[in-house]
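Every chain is numbered from 1 and lettered A, B, ... according to where its sequence line falls, protein lines coming before strand lines. Values below: all heavy atoms of this structure, side chains included; hydrogens, waters and symmetry mates excluded.
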There are 2 protein chains.
Amino acid sequence: MRDDDVTKPSHLPTIVDVAAEAGVSRATASRALGRYGRTSASTIARVEQAADALGYRPNELARAMRVGVTKTIGLVIIADFTNAFFDRATKAIVDEAKLHGYQVLITNTDEETAIERQAIETLLEKQVDGLIVVPSLSAGYEHLKPAQLGGRPIVLIDRRLDDPPLTSITTDDFAGTREAVRHAISLGHKRLGFLISASSVEGVTDQRPTHLISTVLDRTEGFLQGASDAGIRRNSQHWIFCEDKPKSSEAAVASLLDRPNPPTIIFTSNNDMALAVLKIAGNRRLTIGRDISLVTVDDSQWAAAIVPGITVVARPVEEIGQLAVTKLLAEIAEPGQPIEVVVLPTELITRDSVANLYLQDYRVS
Amino acid sequence: MRDDDVTKPSHLPTIVDVAAEAGVSRATASRALGRYGRTSASTIARVEQAADALGYRPNELARAMRVGVTKTIGLVIIADFTNAFFDRATKAIVDEAKLHGYQVLITNTDEETAIERQAIETLLEKQVDGLIVVPSLSAGYEHLKPAQLGGRPIVLIDRRLDDPPLTSITTDDFAGTREAVRHAISLGHKRLGFLISASSVEGVTDQRPTHLISTVLDRTEGFLQGASDAGIRRNSQHWIFCEDKPKSSEAAVASLLDRPNPPTIIFTSNNDMALAVLKIAGNRRLTIGRDISLVTVDDSQWAAAIVPGITVVARPVEEIGQLAVTKLLAEIAEPGQPIEVVVLPTELITRDSVANLYLQDYRVS
DNA sequence: GACCAATGCGAGATCGTTCTCGCAAACCTT
DNA sequence: AAGGTTTGCGAGAACGATCTCGCATTGGTC
């Protein structure tokens with residue numbers, strides 16, 4: 001470690017410094033460090049010694065430019081890391097990528113298409129090798145078409161898209177929610193409330209929005225199917241669509257509860273909305289799992305820990321992240337993989353948030 | 001939009017293609033697009049037209065190499081995005097960075113120094129302009145010294161470090177937890193339980209570990225000070241150190257509760273541990289805020305929504321993230337800023353998880 | 001000793017930008 | 001009309017790596 005001939009003060013050592021130190025040419029130094037071509041053992045040793053004497057670190061930018069590969073993938077996710085899904089997915093993706101020697105450049109759209117478009121643009125300019133995106137709700141997805149991506153592969157998570165056909169990793173939310181509804185019905189619930197997140201909506205509405213992201217759509221259809229399978233009449237189903245914000249969700253819960261013949265159970269399409277139910281129930285001194293029941297999509301630590309435990313439709317979030325990365329890297333390594341729409345199964349985890357009405361008929365109003 | 005003269009099938013358009021299309025030189029095209037130097041209005045128009053006819057997107061790698069700036073910062077965080085702190089911080093950092101035209105390359109160490117060192121190495125090779133890191137517990141921090149960083153600025157969050165003196169953004173956890181203890185004591189609590197996260201520990205122990213990260217240390221000291229201020233005797237303080245894992249935390253809670261003269265309140269040093277308390281309390285049919293009280297550090301959505309609401313020492317997490325980014329960018333823009341140790345205030349948010357023992361003396365065993 | 005193959009190494013091109021510099025044409029100014 | 005100044009543009013170097021190619025040297029074979 002010859003620390004300081006202070007000839008060039010800043011200026012990080014480059015490969016030419018290493019070459020000079022070892023008394024060889026740039027080419028030889030590169031070959032020695034990169035272990036390709038033919039180099040004698042002795043010069044390899046000399047170059048390596050020179051390299052760490054100087055504290056040489058290769059400039060990945062230069063390398064990337066030459067070889068055309070950055071070993072970086074871009075992740076475009078909607079903003080809410082507080083959302084139980086996206087933080088777990090992010091972690092899984094970062095970890096899995098690292099396992100394969102990739103790093104991830106992360107951006108978030110706030111569910112806004114303009115930002116998403118911009119984010120993808122920037123990522124592409126930074127020459128990411130591929131993209132993982134959860135597409136925000138939008139009319140047009142032209143910016144996700146292969147041509148716009150400069151041939152760089154992309155995989156979608158959480159939500160599928162029909163128009164530009166793309167590989168996506170999703171879950172069978174239809175079956176999952178249908179199962180949840182069946183479970184509730186088997187416990188005697190007949191008046192069902194559905195609290196559906198719809199970012200396309202302002203505030204709260206009974207009207208079904210024109211456009212729902214696939215995840216929400218599947219959940220909605222699952223609820224519907226489960227209910228109609230059991231012969232639940234349409235007027236015993238309480239649908240309500242609301243914006244994905246605490247205020248709106250809470251208003252929606254309140255309005256559900258204030259209806260004549262209110263639901264005995266509320267299904268929510270994500271964790272944040274489940275919290276809204278908890279909050280309003282708490283305000284009204286209603287006990288979850290007794291006075292009002294609750295099932296939500298996505299498991300979380302708190303859902304398992306609190307009393308009563310919340311019954312959930314659990315999705316294999318980590319698996320989604322891992323699969324997204326492996327599929328993406330496969331396509332990067334060998335372009336031309338078939339487009340794949342992966343649908344993973346969900347799991348109903350029953351805890352204590354749905355009351356057994358057969359054991360407490362007297363309580364039902 | 002002349003879509004396809006299919007002369008060169010792949011090969012993204014570069015600036016020479018744009019120049020050719022516009023009938024000017026590379027230099028002129030660059031100048032026109034980059035709006036520097038002198039270029040006539042008409043050629044600017046022509047070049048721009050050519051650029052978007054071709055769908056030209058600058059290669060940020062090449063640009064970065066030339067100008068020596070990547071507009072990218074590296075974030076090295078410990079793994080747990082599920083941890084209420086780190087996911088919020090990440091979001092805040094990503095958002096704030098975007099606001100300034102920066103993107104963030106994210107990696108996580110699993111609280112392991114070797115991984116942290118490696119992660120920083122990789123980030124530096126990718127030529128990030130600066131680093132934000134939450135240092136993992138470790139003996140040596142040589143890899144955080146300026147020399148090892150090639151002069152690139154760094155700011156720490158969540159935890160401060162004494163040895164290499166570095167700019168850090170932290171909170172006054174000492175004062176925060178002391179206030180929490182005072183609050184509990186004012187409500188009649190005299191037997192205090194402290195559940196302290198210590199990643200350096202295996203399982204559960206009463207012995208104070210040799211090394212605690214600054215955050216945990218401050219909280220510990222704060223508890224201690226609060227207790228001794230009120231004259232709480234040492235043998236009424238129940239300390240327990242445990243690994244930051246669900247299993248260990250739950251074991252620690254159980255062991256606390258099983259002591260002779262068990263604590264009436266448990267302070268936990270993070271959210272995950274608070275969940276452990278909730279869980280064990282639930283198993284034992286103990287009601288939080290009545291049979292056992294709870295205060296934790298860090299607010300979260302669930303802590304506010306559940307019944308009873310959890311009293312917390314809230315930290316301004318988003319502000320930490322924002323400040324970290326602004327300080328870092330300031331140093332990037334103008335190196336030589338003084339080292340700064342920012343300590344932000346916390347806020348005690350009282351909800352219903354700590355029982356008022358003066359109103360229910362009869363319940364105290 | 002002559003020929004051929006194998007080996008080790010260096011010169012130089014390349015990736016896609018930016019930016020300095022100099023040159024020519026156009027534009028004043030007197 | 002002659003000089004100087006401005007303006008617009010292009011040639012070419014630079015950033016820091018990789019990698020092809022060819023040249024010299026070595027080694028082996030008959």
J.: Assign each of T39(B) and V67(B) to its nearest nucleotide of DNA chain D by heavy atoms, then name whichever residue's nucleotide is nearer the 5' end.
T.: T39(B)
J.: Tell me the interatomic distance from E125(B), atom CD, to dA17(D), atom C1', rounded to whole angstroms.
T.: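 Whole-Å distance recorded here is 12 Å.
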J.: Rounded to whole Å, please give me the gap between CG in L61(A) and P in dT18(D).
T.: 13 Å
J.: Measuring to OP1 and OP2 of dT14(C), would you say a side-chain N or O of R66(A) lies under 4.0 angstrom away?
T.: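 Result: no.
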J.: Using the side-chain heavy atoms of T43(B), tell me which of these nucleotides is nearest: dC19(C), dC9(D), dC15(D).
T.: dC9(D)
J.: Roughly how many Å is it from CG in N59(A) to C1' in dT18(D), rounded to a whole number?
T.: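 Answer to the nearest Å: 13 Å.
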J.: Between Q322(A) and E96(A), what is the shortest heavy-atom contact and its length?
T.: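 Here Q322(A) and E96(A) meet closest at CG-OE1, 3.4 Å.
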J.: For R63(B) and dC19(C), give me the distance from atom CZ to atom C1', rounded to whole Å.
T.: 12 Å
J.: Roughly, in whole Å, what's the span from CE in M65(B) to P in dG16(C)?
T.: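 Roughly 11 Å, once rounded to whole Å.
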J.: Whole angstroms only, please: what is the OH-P distance between Y36(A) and dT18(D)?
T.: 6 Å
J.: Can you measure I44(A) atom CD1 to dC9(C) atom P for me and round it to whole angstrom units?
T.: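 I44(A) atom CD1 is separated from dC9(C) atom P by 9 Å.
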J.: Which nucleotide sits closest to the side chain of Y56(A): dT17(C), dT18(D), dA17(D)?
T.: dA17(D)
J.: Does a nitrogen or oxygen in the side chain of S40(A) sit under 4.0 Å from OP1 or OP2 of dC9(C)?
T.: yes
J.: Do you know which of E125(A), E121(A), Q148(A) makes side-chain hydrogen bond (donor to acceptor under 3.5 Å, both in side chains) with R57(B)?
T.: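 Single side-chain hydrogen bond (donor to acceptor under 3.5 Å, both in side chains) partner of R57(B) among E125(A), E121(A), Q148(A): E121(A).
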J.: Which atoms of nucleotides 10-12 of chain D (N or O only) lie under 3.5 Å from a protein N or O atom, and what are those distances?
T.:
{"residue": "dG10(D)", "atom": "OP2", "partner": "S25(B)", "partner atom": "N", "Å": "2.8"}
{"residue": "dG10(D)", "atom": "OP2", "partner": "S25(B)", "partner atom": "OG", "Å": "3.0"}
{"residue": "dG10(D)", "atom": "OP2", "partner": "T28(B)", "partner atom": "OG1", "Å": "2.6"}
{"residue": "dG10(D)", "atom": "N7", "partner": "R31(B)", "partner atom": "NH2", "Å": "2.7"}
{"residue": "dG10(D)", "atom": "O6", "partner": "R31(B)", "partner atom": "NH2", "Å": "3.2"}

J.: Within a reach of under 6.0 Å around NZ of K327(B), are more than 12 heavy atoms found that belong to other residues, nucleotides or ligands?
T.: no
J.: Compare every heavy atom of I157(A) with every heavy atom of A89(A), then report the nearest pair and how far apart it is.
T.: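 Distance-wise, the nearest heavy atoms are CB-CD1, 4.5 Å.
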J.: Counting heavy atoms not belonging to Q49(A), are there more than 12 under 6.0 Å from its CD?
T.: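 No - once you tally the heavy atoms of other residues, nucleotides and ligands closer than 6.0 Å, there are 12 at most.
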J.: Heavy atoms under 4.0 Å, any strand shown: does S30(A) hit a base, just sugar-phosphate, or nothing?
T.: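 Base contact.
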J.: Does one side chain, of T72(A) or K126(B), offer a donor that lies under 3.5 Å from an acceptor on the other?
T.: yes
J.: Report yes if the side chains of R31(B) and V47(B) come closer than 4.5 Å at any heavy-atom pair, otherwise no.
T.: no
J.: How long is the line joining NZ of K126(B) and P of dA17(D), in whole Å?
T.: 16 Å
